[in-house]
Amino acid sequence: RKEVEQDPGPFNVPEGATVAFNCTYSNSASQSFFWYRQDCRKEPKLLMSVYSSGNEDGRFTAQLNRASQYISLLIRDSKLSDSATYLCVVNKEYGAGSYQLTFGKGTKLSVIP
Amino acid sequence: GAVVSQHPSWVICKSGTSVKIECRSLDFQATTMFWYRQFPKQSLMLMATSNEGSKATYEQGVEKDKFLINHASLTLSTLTVTSAHPEDSSFYICSATPPDRGHEQYFGPGTRLTVT
């Protein structure tokens, strides 16, 4: 089983739509969780951290379920500029104060006018 | 703050030659830097973890003699792809971690390597 699994998509949605991405992770020792956004031929950029209590940043809502090892991202009122690949990322400690990120393959989103 | 640069941003080289990629933390000191590789439509795969002043730790399946990593200062790590072959063509991305924020990584813009 892959450490971080995502539906690769693509998700093609009209502007204004709500879209949800899911992710599962296999390592129960994972300690922190993130969604990154990656545009074509660019480096990944942190979109938001994910907390068990759920957190929201504008049109973006992230949720973590540790028991199910499941992470989600909801995008409301999609904009054309949201078109990108969304990477689910987990972080685990491998030494005192040393952390390592594991990336999912990403879910591609295309927002259509 | 927390800006990471990479140089070059893209490079084309002939098979059998070596290519050096630099990763610099511009406004912070990075005790740890990471090197990733990403093939088209694939996830970022960690190649190695580089700690300043010590040998890099390579992930399984990554040849340490082919991918030479030097982290000689707190702001610079280099990755040298030796005797490059077309299958080494990829997007190489580094990230850096500030010493007091070990759970955060700041990514460089990446280097696109094409080996002909």
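Throughout, a chain's letter reflects where its sequence line sits, starting with A, and its residues are numbered from 1. Quick caveat, the model's predicted, so the values are computed rather than measured.
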Decide whether [X] and [Y] meet the rule of one side-chain donor and one side-chain acceptor closer than 3.5 Å.
X: T111(B); Y: Q6(B); value: yes
X: S49(A); Y: W35(A); value: no
X: T107(A); Y: Q6(A); value: yes

If you take all heavy atoms of V4(B) and C23(B), which pair is closest and at what distance?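 Heavy atoms only, the tightest pair is CG1-SG, 3.7 Å.
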
If every non-hydrogen atom of C13(B) is compared with every non-hydrogen atom of A84(B), which pair is closest and at what distance?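 The pair with the smallest heavy-atom distance is SG-CB, 4.1 Å.
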
Could you check, using the six-membered ring where one of them is a Trp, whether F103(A) and Y36(A) have ring centers closer than 6.0 angstrom?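 Here the rings of Y36(A) and F103(A) have centres that are less than 6.0 Å from each other.
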
Taking the six-membered ring where the residue is Trp, are the ring centres of F33(A) and Y51(A) under 6.0 Å apart?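 Between Y51(A) and F33(A), which both carry aromatic rings, the centre distance is not below 6.0 Å.
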
Chain B contact via Q38(A) - side chain, backbone, both or neither, heavy atoms under 4.5 Å: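 Contact with chain B is through the side chain of Q38(A) alone.
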
Evaluate the ring planes of F11(A) and F21(A), with Trp represented by its six-membered ring, and classify them as parallel (under 30°), tilted (30 to 60°) or perpendicular (over 60°).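 F11(A) and F21(A): perpendicular rings.
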
Decide yes or no on side-chain hydrogen bond (donor to acceptor under 3.5 Å, both in side chains) for S77(B) and W35(B), but give the supporting numbers first. CA-CA 9 Å; S77(B) 177; W35(B) 286 97; 3.0 Å; yes

Has R41(A) got more than 12 heavy atoms of other residues, nucleotides or ligands less than 6.0 Å from its CZ?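 No, the 6.0 Å shell around CZ holds no more than 12 heavy atoms from other groups.
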
Residue-level contacts of residues 37-71 of chain B with chain A, using a heavy-atom cutoff under 4.5 Å: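 Result: Q38(B), K41(B), Q42(B), S43(B), L44(B), L46(B), T49(B), E59(B).
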
Suppose a student defines contact as a heavy atom less than 4.5 Å from any heavy atom of chain B. Which residues in residues 70-80 of chain A would they list?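 So no residue qualifies.
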
